[in-house]
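Single-structure report; data block below.
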Amino acid sequence: MSLVTLTRRLLNLSAQGSPLRRSAFVLASDTAGLKRCSLPGQLQACCTRQRNVSTSTQPLRADSKVTINFINRDGEKITAKGSPGESLLDVVINQDLDFDGFGACEGTLACSTCHLIFDEDVYKKLGPVTDEEMDMLDLAYGLTDTSRLGCQICLTRSLDGITARVPDSVTDIRQSEDVSS
Amino acid sequence: MALQNKILLLNYKGYLREVFNRSFASNSRALYKSARNESLRITEIEDGREPERSVDGTRIRSLKEMPGPSAISNLIEFFCRDGFSRIHEIQIEHSKKYGKIFKSRFGPQLVVSIAGRDLVAEVLRAEGVAPQRGNMESWQEYRDLRGRSTGLISAEGEDWLKMRSVLRQLIMRPKDVAQFSDDVNGVIVDLIKRVDTLRSQQPDGQTVLNINDLFFKYAMEGMAAILYEDRLGCLENKIPQKSQDYIAALHLMFSSFKMTMYAGAIPKWLRPIIPRPWKEFCSSWDGLFSFSQVHVDKRLAEIKDQVARGEAVKGGLLTHMLVTQEMNLEEIYANMTEMLLAGVDTTSFTLSWATYLLARNPDVQEQIYEEITTTLGHGTIPTADDVPRLPLIRGLVKETLRLFPVLPGNGRVTQDDLVVAGYFIPKGTQLALCHYSTSMDEENFPGAKDFCPERWIRKDATDRVDNFGSIPFGYGIRSCIGRRLAELEMHLALTQLIQRYRIGVCPFTDEVKAKTHGLLCPAAPINLHFIERRA
């Protein structure tokens, strides 16, 4: 695994908890007399965070997992499981799948590195695409008509067993050693 | 911002030669493995020999062979003919003359300009985990001097990545940012009131003079509402003294732009002889930092009070940052300072250009007005949730930023050795990504000089309208962190202004040209008519 991927993964791990939960924790340990810290809805959103909140109270049963087949850049099939509500990017991160450079902006819609390609029938099941996602897809390398960003697709039971292909690597113009690993 | 710190003081020639030789001697195997593209691939070579040809037979050229204006002609262009204010035009002239990649020399600083859409894409896609924009030494020096932290603009490497990871989780996801609609709409109420006050002060009852002054205050008020969870009173008839002081500090920073550029370029030992640039640079930063600190401290004190009283702490962005302590207090001061600085002029110039373009293109304005009234009616106040149903409003902002990209060029310091367009570019080279010239390129945008928000409208979800030709907010992990906030402020304000007024040209204002002053800004005041529409 390249240094780049490793660093990113470490950061992802540290950034995973819900801001809401951490706020409460910090205040509870730092200040006496405070019962609860409530923050506005604007700071809690997206699949990852909701999942983290829900798993803390009601652990998900193994049989509610959704199976996803990834085809990596070498054409190998990798099967991974994720929980409903997680995004496909979460699955790649949580399962430690080694797709170099994948999900650089941590699902904040600032890049298109979590670009995935689907079969047409699967693509239709993935739900509507927002304007912001379309704008980022325009900048994706190797774009197809059935491309989506992995960070924008939330797992549901109906997506069980789908296949997502990681597109060919971006033309790498870098010439130094660490990218060749 | 990036452009103002271009001047590196190092012996670049020697450095280049050294990097060039070293990397080719030691990395020949890696070169072959990592360069995957046919045209860029380098032939396998024996150890210790410089590769001369890529696989398809093209020779990899050195920087020496790259075309570009001579150092002397550049010196005359920039220092004698005030080229700094025409950087955007010079971009186009040079790219016509020298091609989509060329080199320029500013004193000791070599800059490789990337003026082709596909080349910009290649460079940005090859970025690592912590891209660097340019030399920020003078910014860092000020912060060291005062014991301040760096923020997202001035920080590099790990420090930058740590702060970026915190902040992007708070203000980059469109869904999270949509929650600020009410805060922004509260500021728009005051904006509209201010438009009416200003109009009423003119003999014709319609004119708003120097529209940028109004949008500057709107953008500042909007950013403060979001960042500080507080209002500054910038849109009131009498602006509170503290806000006035801040505006003065911001103007000083902006008006002394060239000064601050020299402040970074003038060697330290020259400062006793030419003290003014560095002094002004420091004093404007003092003003900006202290303003942020006042607001952060105020909120912190309120939170402490609430905690002491056993009340639940409720709040927005700043509260969250203070409570979670993912960044320390100094880092919060620094980021609040830099984010406010970055979010005012940028948004106000774009709003000024957008209304200017609407006034000069009444047919387009009418078309957008139709879309708004069909979708929302006359009186509905739009929120972020309505914006997807207003594609022309999104198109208006995109088209405005294509014609007047507020950052006409962005910087990158290469963090790997690259081969771009057949040239070997060693690690550590300052690149200038020429967004202005790519967005005015007929190949990328037919009828490039025309104002046409419709060109951004998609027929369906698979219709592609955009590419790296116009990326005003940048791309990737070092792209503009305030992008979604700025978009929200602009989408909502423009929708309400068009809904309420017919914006017209004012006889005092002829064609307004753009000039570069750090950012691309109107070279003359834009005066506009705001004529109330009857529902």
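In the text below, chain A, chain B and the rest are named by the order of the sequence lines, each starting its count at 1. These figures come from a predicted structure and were not determined experimentally.
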Self-check item: The single option from B:R483, B:R168, B:R484 passing side-chain contact (heavy atoms from CB on, under 4.5 Å) against A:T108
Solution: B:R168
Exercise. Verify side chain to side chain contact (heavy atoms under 4.5 Å, CB included) between B:R464 and A:L137, making sure each step is shown before the conclusion.
Key: CA-CA 9 Å; B:R464 297 292 152 213; A:L137 277 170; 3.9 Å; yes
Quiz item: Can you check whether A:M136's main-chain N or O pairs, donor with acceptor, with B:Y475's side chain at less than 3.5 Å?
Solution: no
Exercise. Return yes when atom NZ of B:K304 has more than 12 non-hydrogen atoms of other residues, nucleotides or ligands closer than 6.0 Å, and no otherwise.
Key: no
Practice problem: Quick one: closest heavy-atom pair of B:S479 and A:A110, and the distance? | Solution: OG-CB, 3.7 Å
Exercise. Compare all side-chain heavy atoms of B:R394 with those of A:D135 and state whether any distance is below 4.5 angstrom.
Key: yes
Self-check item: Ionic contact status for A:D131 with B:R458, cut-off 4.0 Å
Solution: no
Quiz prompt | Donor-acceptor pair, side chain of B:R125 and main chain of A:L139, under 3.5 angstrom | solution = yes
Quiz item: Atom CZ of B:R173 and atom SG of A:C151: how far apart are they, to the nearest 0.5 Å?
Solution: 8.0 Å
Quiz item: For chain A, which of B:C480, B:P174, B:G474 has the most heavy-atom pairs under 4.5 Å?
Solution: B:P174
Practice problem: Considering only heavy atoms and a distance below 4.5 Å, find which of A:L143, A:T130, A:T146, A:V129 pairs most often with chain B. | Solution: A:L143
Quiz prompt | Region of B:E127 that comes under 4.5 Å of a non-hydrogen atom in chain A | solution = backbone
